[in-house]
Amino acid sequence: SVRLDELEMAYYAAVVSDPTLEGHLNAAGHVRYGQSCRDLSGQIEQVHVSINAGIAAKSLRAALTQDAPVAKVWRTDPTTLEVRAIEIDPRSMKRFEVGGWTILVRLGLLEAIWERRDERLPNETGGVLLGDFDTSRKLIYLVDALETPADSKEDHGSFIRGSYGLPDAVAEAGSKTQQMLRYAGEWHSHPTGYGVLPSVDDVGLYGYMAAQMAVEGYPPIMLIAGDNEFSLIVENQRITLERLGGL
């Protein structure tokens with residue numbers, strides 16, 4: 001029930017946020033075997049093939065005894081040959097239709113957004129969304145959210161997202177994922193009792209975002225989190241959804 005594109009996005013989320021996966025996509029020894037820009041393969045020493053073959057065989061047997069999906073990455077220390085298992089969140093992404101696009105949102109992202117909202121109440125908070133766009137299939141993946149910039153202004157009735165360190169943080173996320181994750185839009189919270197309808201300022205901000213991202217041909221995303229619901233705005237169309245169970 002977990003699609004491969006969803007699993008790929010879960011992996012990118014881990015690469016961006018988990019320090020134990022630092023540099024995981026930057027391995028040396030790439031070999032080009034075709035003419036396409038994606039026709040690259042990696043060279044792996046035979047000793048590492050043997051180590052991972054044994055781990056894979058044992059782990060596959062264990063995974064088959066479980067009902068829930070399992071996703072892991074094993075990293076071998078090149079000096080000590082110590083092997084470390086890193087868990088990847090394999091849950092299916094939530095799908096929503098809005099503005100002619102299918103929006104796929106990682107559950108871990110929604111959990112993080114509500115956790116940050118609850119921490120900052122009664123003030124509003126927010127930040128930048130990271131994701132990917134598949135224009136041929138009209139899919140937008142929302143994968144992660146960067147930390148709120150330190151120069152942001154959080155108040156009871158407003159949030160002004162700062163920019164300190166933000167360009168570098170977006171560039172770093174792109175570098176870690178081989179440019180698979182990029183700026184996808186903005187999210188912010190509304191205080192208790194105010195719902196998730198966009199304010200006049202929100203509407204103005206979305207128009208500015210749309211003008212800026214039109215150069216690349218991507219529609220920006222705005223996510224507004226409230227008490228028990230959230231809004232997704234794409235192509236100036238909006239849907240309101242209930243806060244998912246357990247979030």
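FYI, the numbering just counts along the sequence from 1.
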- Atom CD1 in I103, atom CE in M93: separation rounded to 0.5 Å? 10.0 Å
- In this structure, OG of S152 is separated from CD of E124 (nearest 0.5 Å) by 12.5 Å
- Message: If I compare all heavy atoms of R117 with all of S189, which pair ends up nearest, and what's the gap?
- Response: CG-CB, 3.5 Å
- Message: Starting from L129, can I reach L205 by hopping between I/L/V/M/F/W/Y residues whose side chains sit under 4.5 Å apart?
- Response: yes
- Query: Is there a chain of hydrophobic side chains (I, L, V, M, F, W, Y, each step under 4.5 Å between heavy atoms) that links F159 to W187?
  - Reply: no
- Under the side-chain contact (heavy atoms from CB on, under 4.5 Å) rule, collect the residues that match up with E229, sequence neighbours excluded. V196, T240
- Please check if L7 and V73 belong to a single hydrophobic cluster, counting links between Ile, Leu, Val, Met, Phe, Trp and Tyr side chain heavy atoms closer than 4.5 Å. no
- Note on the structure: Distance col, row Y11:OH vs D89:CG, nearest 0.5 angstrom, shows 15.5 Å
- Message: Taking atom CD1 as the centre, does I44 end up with more than 12 heavy-atom neighbours from other residues, nucleotides or ligands that are less than 6.0 angstrom away?
- Response: no
- Spatial distance of atom CZ (R182) from atom OG1 (T177) [nearest 0.5 Å]: 9.0 Å
- Item | Donor-acceptor contact below 3.5 Å, side chain R75 vs main chain T20 | yes
- For the residue pair L142 and I140, establish whether any side-chain heavy-atom pair is separated by less than 4.5 Å. yes
- After noting the C-alpha distance and the side-chain angles of I51 and W74, does the key distance pass the side chain to side chain contact (heavy atoms under 4.5 Å, CB included) rule? CA-CA 10 Å; I51 291 172; W74 286 267; over 6 Å; no
- Message: Other residues, nucleotides and ligands only: do more than 12 of their heavy atoms fall within 6.0 Å of OH on Y208?
- Response: no
- For the residue pair S163 and D151, establish whether any side-chain heavy-atom pair is separated by less than 4.5 Å. yes
- Nearest heavy atoms of A225 and W114, plus distance in Å: CB-NE1, 4.2 Å
- Message: Is there a side chain to side chain contact (heavy atoms under 4.5 Å, CB included) between E186 and M209? Walk through the geometry before answering.
- Response: CA-CA 9 Å; E186 307 275 340; M209 292 161 56; 3.8 Å; yes
- Is E97 close to V234 at the side-chain level, that is, under 4.5 Å between some pair of heavy atoms? no
- Message: Tell me whether Y206 contacts the main-chain N or O of P220 through its side chain, where contact means a donor paired with an acceptor under 3.5 Å.
- Response: yes
- Walk me through it: do I224 and Y194 pass the test side chain to side chain contact (heavy atoms under 4.5 Å, CB included)? CA-CA 11 Å; I224 304 174; Y194 279 84; over 6 Å; no
- Query: Can you find a heavy atom in the side chain of M180 that is under 4.5 Å from one in the side chain of V143?
  - Reply: no
- Of all heavy-atom pairs linking P69 and P90, the shortest is O-CG, 3.5 Å
- Message: Check the orientation of F133 and Y218. Use parallel for under 30°, tilted for 30 to 60°, and perpendicular for over 60°.
- Response: parallel
- Would you call K153 and S158 a side-chain contact if the rule is heavy atoms closer than 4.5 Å? no
- Query: Is there a side-chain contact between I233 and P198, using heavy atoms and a 4.5 Å cut-off?
  - Reply: yes
- For S92 and V2, the nearest pair of non-hydrogen atoms, with its separation, is OG-CG2, 3.6 Å
- Name of the residue among D134, D5, T102 meeting side chain to side chain donor-acceptor pair (under 3.5 Å) with Y141: D5
- Distance col, row D132:CG vs E8:CD, nearest 0.5 angstrom, shows 8.0 Å
- Test side chain to side chain donor-acceptor pair (under 3.5 Å) applied to E115 - qualifying residues, sequence neighbours left out: none
- Around atom CG of L4, are there more than 12 heavy atoms of other residues, nucleotides or ligands at under 6.0 Å? no
- Message: Other residues, nucleotides and ligands only: do more than 12 of their heavy atoms fall within 6.0 Å of CZ on R61?
- Response: no
- H190 NE2 to S199 OG distance, which is reported to the nearest 0.5 Å: 5.5 Å
- Looking at side-chain heavy atoms only, is the closest gap between W101 and T135 below 4.5 Å? yes
- R238 and S231 have their tightest heavy-atom pair at NH1-OG, 3.4 Å
- Query: Side chains of I88 and D18: does their closest heavy-atom pair fall under 4.5 Å?
  - Reply: no
- Distance-minimising heavy-atom pair for P149 and R161: CG-CD, 3.9 Å
- Does K138 NZ have over 12 foreign heavy atoms under 6.0 Å away? yes
- Message: Atom CD of residue position E45 - does it have more than 12 heavy atoms of other residues, nucleotides or ligands inside 6.0 Å?
- Response: no
- Message: Using the rule that Ile, Leu, Val, Met, Phe, Trp and Tyr join whenever any side-chain heavy atoms are under 4.5 Å apart, tell me whether I160 and V128 fall into a single cluster.
- Response: no
- Message: Applying side chain to side chain contact (heavy atoms under 4.5 Å, CB included) to R106 and E6, what does each step give before you reach the verdict?
- Response: CA-CA 8 Å; R106 201 173 60 84; E6 298 173 4; over 6 Å; no
- Mind checking whether V70 and M9 sit in one hydrophobic cluster, side chains of I, L, V, M, F, W, Y counted as touching below 4.5 Å? no
- Item | Name of the residue among T125, D202, T148 meeting side chain to side chain donor-acceptor pair (under 3.5 Å) with H188 | D202
